[in-house]
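Every heavy atom of this structure was used, including side-chain atoms; hydrogens, water molecules and symmetry mates were not. Bear in mind the structure is a predicted one, so any value in this text is a computation, not a measurement.
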Protein chains: 2
Amino acid sequence: MTDKKGKLFLFPHTLTKKGADKDAFLTPALIEAVGEIDGIIAESMTGGLSFMKMFQTKKAPHNMPICLFNKKTPDEDINFVLEPLLKGETWGFVADAGLPCVADPGAKLVRKASLKKLEVKAFYGPSSIFLSLMLSGFNGQNFAFNGYLASNKENMEKELRVLENRSKNFKSTQIFIEAPYRNTALLESCIKVLDKKTALCMACDLTTPEEVVISKKVCEWEGIDLSEFHKRPAIFLIDYHSFR
Amino acid sequence: MTDKKGKLFLFPHTLTKKGADKDAFLTPALIEAVGEIDGIIAESMTGGLSFMKMFQTKKAPHNMPICLFNKKTPDEDINFVLEPLLKGETWGFVADAGLPCVADPGAKLVRKASLKKLEVKAFYGPSSIFLSLMLSGFNGQNFAFNGYLASNKENMEKELRVLENRSKNFKSTQIFIEAPYRNTALLESCIKVLDKKTALCMACDLTTPEEVVISKKVCEWEGIDLSEFHKRPAIFLIDYHSFR
């Protein structure tokens with residue numbers, strides 16, 4: 001045991017595996033911090049490797065340990081994940097895309113690290129939630145992120161109505177995500193159940209050359225060919241008030 | 001009139017005027033984009049100048065036009081603000097701190113720019129909302145940002161109860177801000193009105209060497225000397241569930 005305090009660095013990842021946004025991503029502080037790490041905690045092996053490939057690391061890539069942490073990790077394994085940090089090492093944590101601990105279960109890791117008096121430092125980078133909010137033209141003074149909607153159509157439509165009501169009553173933009181192969185179905189349900197004057201935004205392929213952001217009242221969405229958004233990573237926003 | 005399409009770039013600003021986080025901030029893509037702009041739309045003159053000083057711009061700083069846009073800007077002036085862009089120029093938009101269009105009224109500008117078929121591009125950078133969420137250890141899979149609470153003590157305490165209820169019922173982290181000189185009063189009210197097992201986080205002086213993030217159950221906050229947070233820029237988070 002050493003008295004040296006271990007560190008947990010929260011690193012952003014690119015939003016796309018295509019690497020299109022790498023150039024917008026590398027800051028001097030991030031490059032320096034990744035150069036310092038002894039290992040990486042990652043949501044997946046591929047995610048961890050694709051992150052480290054962008055940087056010069058202390059050990060050669062094949063000698064750099066990757067430890068998995070994701071929604072399947074049992075709570076009792078978190079101590080094991082943090083063990084090297086408790087011995088004074090510095091490790092990074094990356095999710096498969098965007099910011100760690102946002103729209104993923106990383107908070108548990110941070111909570112345990114803080115309890116163990118490890119130093120936790122967050123670095124910023126792309127987030128589809130923030131980029132879509134900035135580009136939507138929707139209310140950015142009050143907003144909520146709600147994760148995935150229900151996969152069952154009937155429940156999903158119920159949830160859409162609930163979110164529209166929250167947007168109306170709390171004067172806030174409601175943000176949610178969906179598995180890309182269900183984009184078309186989700187948009188059809190939005191057009192079906194939401195008020196015609198509610199604004200609906202879809203942001204697709206953010207930070208790539210194919211980036212598309214469409215912000216329109218529900219009634220204006222009706223003429224759009226929805227099939228072109230099939231299987232493209234997307235995020236959705238509803239704003240009851242701003243476009244009326 | 002030219003056929004060249006104008007562009008609106010949404011730029012992040014540092015969180016602090018001390019410039020402590022500048023190094024974590026400069027990406028190749030941001031440096032290139034700022035080099036392209038013909039003028040800057042800023043929340044304040046000081047904010048616009050302190051932003052541009054970090055970069056090499058096309059025109060010398062004293063020749064670079066700064067156009068103000070903030071909560072006092074009447075809606076009918078937005079056309080005037082966008083006029084050079086309609087002639088094909090590229091302008092940036094910066095808030096005084098953090099991401100534009102998040103926790104500020106910039107959305108109106110983006111809305112109008114999109115309606116006028118201008119190209120809008122968002123760059124990312126520090127955001128106290130995201131950094132605090134990542135560092136809090138609170139639920140990042142569902143969260144809401146609520147802006148400022150009421151300045152009247154009684155109304156503020158009512159709002160705190162409402163937010164705690166939303167955190168409880170929607171299983172979401174509730175985030176809000178306060179004018180720094182009211183930090184102590186706000187923390188006192190939180191300790192007074194919130195459930196003892198609700199988790200309360202305050203993140204102070206983010207991205208500076210004085211950065212402090214405290215995440216504790218309300219009952220554990222009771223022994224802390226609150227006066228040390230007086231007048232330090234801070235953001236607050238409530239999570240009913242995660243620390244029970």
Side-chain angles (χ1 to χ4, degrees), chain A residues 10 12 21 23-30 32-33 99-115 120-127 129-148 166 170 172-173 206-207 211 213 215 239 242-243, chain B residues 10 12 21 23-30 32-33 99-115 120-127 129-148 166 170 172-173 206-207 211 213 215 239 242-243:
Chain A
L10 309 178
D21 55 343
D23 232 28
F25 180 76
L26 300 172
T27 59
L30 187 59
E32 195 189 319
L99 299 178
C101 309
V102 174
D104 76 46
K108 286 181 184 178
L109 196 68
V110 172
R111 210 138 71 216
K112 185 71 92 170
S114 304
L115 276 176
V120 185
K121 191 169 157 54
F123 293 79
Y124 41 80
S127 150
I129 302 173
F130 265 44
L131 288 171
S132 65
L133 185 64
M134 290 161 78
L135 291 168
S136 65
F138 287 12
N139 181 7
Q141 298 180 282
N142 278 274
F143 60 88
F145 174 71
N146 304 279
Y148 288 90
R166 283 193 204 157
F170 306 162
S172 73
T173 296
L206 282 168
T207 73
E211 175 173 305
V213 180
S215 283
D239 182 359
S242 299
F243 279 49
Chain B
L10 309 177
D21 54 345
D23 233 27
F25 180 77
L26 299 172
T27 59
L30 187 59
E32 195 189 318
L99 300 179
C101 309
V102 174
D104 76 43
K108 285 181 186 176
L109 196 67
V110 172
R111 212 140 67 216
K112 186 70 94 171
S114 303
L115 277 176
V120 185
K121 191 170 157 54
F123 293 79
Y124 42 80
S127 149
I129 302 173
F130 264 125
L131 289 171
S132 65
L133 186 65
M134 291 162 78
L135 291 167
S136 64
F138 287 11
N139 181 7
Q141 299 181 280
N142 277 275
F143 60 88
F145 174 71
N146 304 280
Y148 287 91
R166 282 192 205 158
F170 306 162
S172 73
T173 295
L206 283 168
T207 75
E211 175 174 306
V213 179
S215 283
D239 182 0
S242 299
F243 280 48

- How are the rings of A/Phe130 and B/Phe130 set to each other: parallel, tilted or perpendicular (split at 30° and 60°)? tilted
Whatever's closer than 4.5 Å to a heavy atom in chain A on B/Lys112 counts as neither
Answer key: most heavy-atom pairs under 4.5 Å with chain A among B/Leu109, B/Thr173, B/Ile129 is B/Ile129
Among B/Leu30, B/Asp104, B/Val120, B/Leu133, the residue with the most heavy-atom pairs under 4.5 Å to chain A is B/Asp104
Ranking B/Ser114, B/Ser127, B/Ser172 by heavy-atom pairs under 4.5 Å to chain A gives rank one to B/Ser127
Under 4.5 Å to a heavy atom of chain A? For B/Pro105 that would be both
Checked A/Pro12, A/Ala144, A/Ala33 vs chain B; the most non-hydrogen pairs under 4.5 Å come from A/Ala144
When the 4.5 angstrom heavy-atom criterion is applied to B/Phe138 and chain A, the contacting part is backbone
If one checks every heavy atom of A/Leu206 against chain B at 4.5 Å, the contacting part turns out to be neither
Assert top hit (heavy-atom pairs under 4.5 Å, partner chain B, pool A/Leu135, A/Val110, A/Asn139) equals A/Leu135
For A/Gly137 and B/Ala107 the tightest heavy-atom approach is O-CB, 3.5 Å
When every non-hydrogen atom of A/Tyr124 is compared with those of B/Pro126, the smallest separation belongs to CE2-CB, 3.3 Å
When the 4.5 angstrom heavy-atom criterion is applied to A/Ser242 and chain B, the contacting part is both
Heaviest contributor of heavy-atom pairs below 4.5 Å to chain B, chosen from A/Val102, A/Leu131, A/Leu10, is A/Val102
Nearest heavy-atom approach of B/Met134 to A/Phe123 is CE-O, 3.6 Å
Of the listed B/Ala103, B/Ser136, B/Gly147, the one with the largest count of heavy-atom pairs under 4.5 Å with chain A is B/Ala103
